Amino acid sequence: MPVNVISAGIATTIQDMGRPGYYHLGIPIGGAMDRLALRTANLLVGNAEEAAGLECVFVGPELEFTEDATVAVCGAELPPKLDGDPRETWTAFAVKAGQVLSFDFLKAGARAYIAISGGINTPPMLGSRSTYAIGALGGVEGRAVQPGDSLPLGASVRAAKEGASVPAKLRRGPDNPAELRVLPGLYWHRITEEAQRDFFDDTWKVANEADRMGYRFQGGRKLAFVERDQPFGAGADPSNITDACYPYGSVQVPSGTEPIVLHRDAVSGGGYFMIGTVISADMDLIGQLQPHTPTRFVKVDMETALAARRDRARTMDAIRNALVAS
Amino acid sequence: MARHEVKSPIPGTFYRKPAPDQPPFAEIGQSVAKGDTVGLVEVMKTFHEVKADADGMIVGFPVADSDPVMAGQTIVELD
């Protein structure tokens, strides 16, 4: 028995943990931008952590349930309402057949994840239900959800515990100003020492051009490049390189003006130098940044990046222990 | 008459005009009907129309053209 979409918000997509293994063919991993939030929402409703849910940006959808279910909303502070009555985020709640889930105005963050017991059971493509609209993969017919869609549900793997809630200290939202840790990369030498300092000293802010493919930042000083004769295959602009692979999280700065951090739906390669890469532990956080959020980039080394990744894994373990072990 | 506030559903940049070289959607003193477009909010490379959700006369624009808005922030005041 499906969930019917009455209204869809502005970019509500089905996402799971993505489709690894095709990036070399230009197909990005995709999946939830804030993976911790989707994993947590799934745990709350008794799903496998990797089950497909809905990623809503800034605005929630209106969903009509045709069977009883358990629902959880994690990530952004987008207050859920059931037949108009408020419900808590980061908390499992019961929904009866015929009830309508809707949302109030966004209070904080950018992306809320809705998990429904059983998970969304649209057909996987290349091993994932994640919506990659540019490539017409996954989701509902390769696109974001629309009013009139019926979302099929799968079977639960565990009984959901209504009222189960994530302890406040394990919920993570962006600070203001947000801090994104960056490991300098292969092309670090292309900018001057002064520019290397400026990039990390300046406070940037999230631009309106910020989506699943990449997040653009504005407001810092223009980066100066070390002069060179452009190599064969590189464009004329000093920010151009001979085409190279773009890692997830890599920070390109076209013409040295506005850094762009590539995210889950990244393009796999191109001809802009990359100053470095946002560490994996901070990628979820980017998905929660609203436009105009002041943001600092913080320079870290590999050891710090790996420690942060372990720390992040421990946070996820603590959430699992809080929700499942008991 | 009761005050009514039209709120932006999304965060982004608020514009009062459909395009830079065109007149604003609405001015103070003008009457609008529910469903009329009163501004645009730009986010994620797209422009979203903000529509009046009640009938009334416009008495204020608390957010200036091209200024940032938060979700739930009042962008038009109606009387």
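This structure is a prediction, so every number in the text was calculated from the model and none was measured. Every chain is numbered from 1, with letters handed out A, B, ... down the list of sequences.
- For B:S8, the part sitting under 4.5 Å from any heavy atom of chain A is the backbone (N, CA, C, O) and nothing else.
- In terms of heavy-atom proximity, B:P9 sits nearest to A:V59 at O-CG2, 3.6 Å.
- Between B:M44 and A:A210, the shortest heavy-atom distance links the atoms CG-O, 2.9 Å.
- With respect to chain B, the highest number of heavy-atom pairs below 4.5 Å among A:R212, A:E209, A:R216 belongs to A:E209.
- In this structure A:E88 satisfies the salt bridge (Lys or Arg N to Asp or Glu O under 4.0 Å) test with no other residue, sequence neighbours excluded.
- For the pair A:N208 and B:K45, the minimum side-chain heavy-atom distance is 4.5 Å or more.
- Heavy atoms closer than 4.5 Å to chain B are found in the side chain of A:V57, but not in its backbone.
- When the heavy atoms of residues 18-34 of chain B are compared with those of chain A, none of the residues falls under 4.5 Å.
- Residue A:A11 touches chain B through its side chain alone, counting heavy-atom pairs closer than 4.5 Å.
- Close approach to chain B, defined as a heavy atom under 4.5 Å from one of its heavy atoms, is seen in A:F105, A:L106, A:R111 of residues 99-114 of chain A, taken by number.
- Of the candidates A:Q290, A:H292, A:K205, A:H292 is the only one forming a side chain to side chain contact (heavy atoms under 4.5 Å, CB included) with B:P68.
- Of residues 263-271 of chain A, not one residue has a non-hydrogen atom less than 4.5 Å from any non-hydrogen atom of chain B.
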